[in-house]
Amino acid sequence: MGLKLFNSLSRKKEDFVPLQGNHVGIYVCGVTVYDYCHVGHGRAAVVFDTIYRYLKHLGYDVLYARNFTDIDDKIIKRAAEEGIPWQEVTRKYIAAFYEDMGRLNVSPPEVEPRATDHIPEMLEMIASLVEQGKAYASDGDVFYSVSSFPAYGRLSGKNPQELVAGARVEVNEKKQSPLDFALWKKSKPGEPAWDSPWGPGRPGWHIECSAMGRKYLGQTFDIHGGGKDLIFPHHENEIAQSAGCSGHAPVKYWMHNGFVNIDKEKMSKSLGNFFTLRDIYKSHHPEVLRLFLISSHYRSPIDFSEKNLEDAEKVLCRFYEGIDAATRALAVQEVKEPLEPGRAEGPFMEKFEAAMNDDFNTAVALAHLNEELRALNTWTQDPASEPAADALNRLTGIKQAGQVLGLFAKSPGEFQSELFELKNQSLALDTQKIETLIEERNAARRTKDWATADRCRDALAQMGVLIEDTARGTEWKIK
RNA sequence: GGCACCGUCGCCAAGUGGUAAGGCAGAGGUCUGCAAAAUCUCCAUCGGCGGUUCGACUCCGCCCGGUGCCUCCA
């Protein structure tokens, strides 16, 4: 069974067939760099990173491009507010983007084009559109003439006539039709500007993706992704520009991820109900957030909440602990007979791939991972239950699937200590005192003084410390 | 107003025209001095009302409830 994905254009799941053999070109709309990224940006990045990873897992030769919009009204406004050059604003937030997304284990795409590095390519497209009579200059601005593109509205399911009638579009004397959108915007004095045949100005928002997608991935490429909110007008306009220019559909499969909600409402800047990634990292491990983000299907809305994050943390801890315990148990086995780690195979991997092949159903993939973890834990607890080689295969499978999902990237020890640091920030535990209490308890246990032992454990619990007596001695963690 | 989408166990979340994955929480068992962790077992008939069908949670209609897009937005 091959990969199927939901194409926003047809509103159906379609078989994925790359345009050129084994090559896959994918372009995803990145962010406008004028502020810190919030969870919604994180979701889009994680969703498409997971798709990217899975395509590579399937053996495709993937060329992934994700842009930075580094010139736009919001950036200019921000620069004015802070009294710094606009380049300073974009520099700052691009650096923040890398930091925040890096912690989410979002891998860097092959190409990360910036709008301001592609002004000539945009001007070339705009000129071509003007030449073809599909765009017109008006007092230093250049607009795309929507009426020149009959298929306008197909992606978003909108009817141009009704859009005009609905007319919530702002009145602009310079436009021939309210639906026309800017390809080039005349700059006001003091604003950033580039020379153009129509005078100094800056590019409209939509043209950058058309120009950069074409440059790096070709006239027509396989997948174009982004958040659902980009369907209209951004992607609709992009299609109009690109197709208007070349005469060919620019994209074969359009993919859009759902929103992150807060109390059932879309998280957004304008509503002010957003959490930035770095705020969340103050109290939650980034990998916990990643797990939360992929625990629902990418097209569904997800409700962001403290409770959901806590649930995700429990699940992730269970995985790390299971991986840790199994790894130790296998190391012991290894002494008796050498085990060869290979590529995981068998029912688990097949189920995992079947889930991912079904429009990247990470929720089902995680269900299979949970089942596999349980089977692995069973072996860890009782190594006689199945051959060690089988357990190794399970462990390998879990790690490989985790790799595709961007999970379990750290060593269990690393993860546990990072989680500890995070939780300890508020508790500020006295490690010395904890060790002493544990020692005291174990001494009491040796003399079967259970009352004292329990008193020690209660004291630790009071501090927020949880005790576990294991074969390797007493271990503790923060509850 | 126009166009979409959603409503599944206490909570989160998959799914299919033939009788509901997984996780959290909960109950009981194993293990443990007792716990914890792990593991085993148990735990839903799918918003409401009609219709199509041998059979619907899954298809159609209506209703109720919720959201999104139509404007910058991942």
Side-chain angles (χ1 to χ4, degrees), chain A residues 11 28-32 34-35 37-48 69 72-74 77 153 156-159 161-163 165-170 205 225-234 236 256-261 263-271 274 291-292 295-297 299-303 305 307-318 321-322 325 351 355 358 361-382 385 444-445 448-451 453-454 457-458 461 466-470 474-477 479:
Chain A
R11 292 173 186 78
V28 173
C29 288
V31 295
T32 300
Y34 73 104
D35 205 347
C37 290
H38 63 228
V39 186
H41 300 115
R43 183 180 195 191
V46 164
V47 161
F48 288 102
T69 297
D72 132 297
D73 291 353
K74 293 189 290 291
K77 184 166 167 247
S156 54
K158 296 187 188 308
N159 178 326
Q161 261 90 49
E162 286 170 1
L163 279 173
R168 281 172 66 179
V169 194
E170 97 276 28
W205 174 34
K228 269 191 163 71
D229 45 0
L230 297 184
I231 293 174
F232 189 90
H234 187 235
E236 195 70 73
H256 296 93
N257 66 273
F259 298 134
V260 174
N261 292 161
D263 293 330
K264 307 276 183 194
E265 236 182 8
K266 178 184 172 184
M267 177 185 291
S268 75
K269 290 280 197 176
S270 35
L271 285 170
F274 62 91
L291 175 61
F292 162 68
S295 58
S296 307
H297 184 86
R299 281 189 281 117
S300 309
I302 45 174
D303 227 345
S305 73
K307 165 77 165 63
N308 290 344
L309 240 34
E310 281 166 13
D311 281 357
E313 183 180 294
K314 283 178 193 164
V315 174
L316 191 59
C317 285
R318 216 166 76 84
E321 281 166 17
K351 284 189 278 186
D358 185 15
N361 196 330
T362 51
V364 170
L366 284 168
H368 296 315
L369 264 165
N370 270 297
E371 285 170 339
E372 193 66 356
L373 175 68
R374 205 190 313 145
L376 181 64
N377 281 338
T378 298
W379 176 83
T380 304
Q381 200 167 280
D382 175 19
S385 62
R445 287 173 71 213
K448 298 200 193 301
D449 178 2
W450 310 127
D454 289 349
R457 186 169 57 200
D458 290 346
L466 204 68
I467 295 288
E468 282 177 28
D469 294 324
T470 75
T474 300
E475 299 186 342
W476 63 277
K477 62 181 177 186
K479 180 63 202 124

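Quick note: numbers below take in every heavy atom, side chains included, and nothing from hydrogens, waters or symmetry partners. Here is the naming used below: chain letters follow the sequence lines, and residue numbers restart at 1 for every chain. Quick caveat: nothing in here was measured; it's all calculated off a predicted structure.
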Counting the atoms with a prime plus P, OP1 and OP2 as sugar-phosphate, which does [X] contact under 4.0 Å by heavy atoms, base, sugar-phosphate, or nothing?
X: A:G40; value: base
X: A:G30; value: sugar-phosphate
X: A:T380; value: nothing
X: A:H297; value: sugar-phosphate
X: A:N361; value: sugar-phosphate
X: A:E371; value: sugar-phosphate

Whole angstrom is fine here: how far is it from [atom1] in [X] over to [atom2] in [N]?
X: A:F259; N: B:rA4; atom1: CZ; atom2: C1'; answer: 12 Å
X: A:R374; N: B:rU41; atom1: CZ; atom2: P; answer: 8 Å
X: A:N159; N: B:rG1; atom1: CG; atom2: P; answer: 18 Å
X: A:L373; N: B:rG23; atom1: CG; atom2: P; answer: 10 Å
X: A:L163; N: B:rA4; atom1: CG; atom2: P; answer: 13 Å
X: A:N261; N: B:rC5; atom1: CG; atom2: P; answer: 17 Å
X: A:E475; N: B:rA37; atom1: CD; atom2: C1'; answer: 10 Å
X: A:L230; N: B:rG68; atom1: CG; atom2: P; answer: 16 Å

Subject >> side chain to side chain contact (heavy atoms under 4.5 Å, CB included), paired with A:V39, selected from A:V46, A:V260, A:I302 >> reply: A:V260
**OP:** Could you tell me whether A:D382 atom CG has more than 12 heavy atoms of other residues or ligands within 6.0 Å of it?
**Re:**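 Yes, because the 6.0 Å sphere around CG of A:D382 holds more than 12 heavy atoms from other groups.
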Subject >> Other residues, nucleotides, ligands: >12 heavy atoms within 6.0 Å of A:K77 NZ >> reply: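 Open: at most 12 neighbouring heavy atoms sit under 6.0 Å from NZ of A:K77.
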Subject >> Pair of N/O donor and acceptor under 3.5 Å linking B:rG33 base with A:D454 side chain >> reply: yes
**OP:** Test for a donor-acceptor pair under 3.5 Å between the base of B:rA74 and the side chain of A:R43, counting only N and O atoms.
**Re:**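 For A:R43, whose side chain was compared with the base of B:rA74, there is no donor-acceptor pair (under 3.5 Å).
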Taking the minimum atom-to-atom distance to the side chain of [X], which one of [options] wins?
X: A:Q381; options: B:rA38, B:rA74, B:rA14; result: B:rA38
X: A:K314; options: B:rU39, B:rG33, B:rC24; result: B:rC24
X: A:R457; options: B:rC34, B:rA74, B:rC72; result: B:rC34
X: A:V364; options: B:rC72, B:rA14, B:rC11; result: B:rA14
X: A:S270; options: B:rA35, B:rA37, B:rC72; result: B:rC72
X: A:F232; options: B:rC69, B:rG66, B:rA38; result: B:rC69
X: A:D311; options: B:rA36, B:rC69, B:rC11; result: B:rC11
X: A:C29; options: B:rA74, B:rC11, B:rA14; result: B:rA74
X: A:E265; options: B:rC72, B:rA35, B:rG68; result: B:rG68
X: A:K158; options: B:rC24, B:rC70, B:rG22; result: B:rC70

Does [N] have a Watson-Crick or wobble partner in any strand here, with both distances under 3.5 angstrom, and which is it?
N: B:rG33; answer: none
N: B:rA44; answer: none
N: B:rU19; answer: none
N: B:rC5; answer: B:rG66

Subject >> Nearest-Å distance once atom P is located in both B:rA37 and B:rA25 >> reply: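 Rounded to whole Å, the distance is 9 Å.
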Original post:
Tell me, do A:N370 and A:R318 make a side-chain contact under 4.5 Å, heavy atoms counted?
Top reply: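 A:N370 reaches A:R318 side chain to side chain.
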Is the shortest side-chain N/O distance from [X] to OP1 or OP2 of [N] below 4.0 Å?
X: A:T474; N: B:rA36; answer: no
X: A:N308; N: B:rC11; answer: no
X: A:R318; N: B:rU39; answer: yes
X: A:N377; N: B:rU39; answer: yes
X: A:K77; N: B:rC72; answer: no

**OP:** For A:V260 and for A:E468, locate the closest nucleotide of RNA chain B by heavy-atom distance; then report the residue assigned to the nucleotide nearer the 5' terminus.
**Re:**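 In this pair, the answer is A:E468.
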**OP:** Between A:M267 and A:T378, name the one whose nearest nucleotide on RNA chain B is closer to the 5' end.
**Re:** A:T378
Rounded distance [0.5 Å steps], [atom1] in [X] versus [atom2] in [Y]:
X: A:R445; Y: A:T474; atom1: CZ; atom2: OG1; value: 5.0 Å
X: A:S295; Y: A:N308; atom1: OG; atom2: CG; value: 7.5 Å
X: A:R299; Y: A:N257; atom1: CZ; atom2: CG; value: 11.0 Å

Subject >> Axial cation check for A:F259 ring with A:K228, 6.0 Å and 45° limits >> reply: no
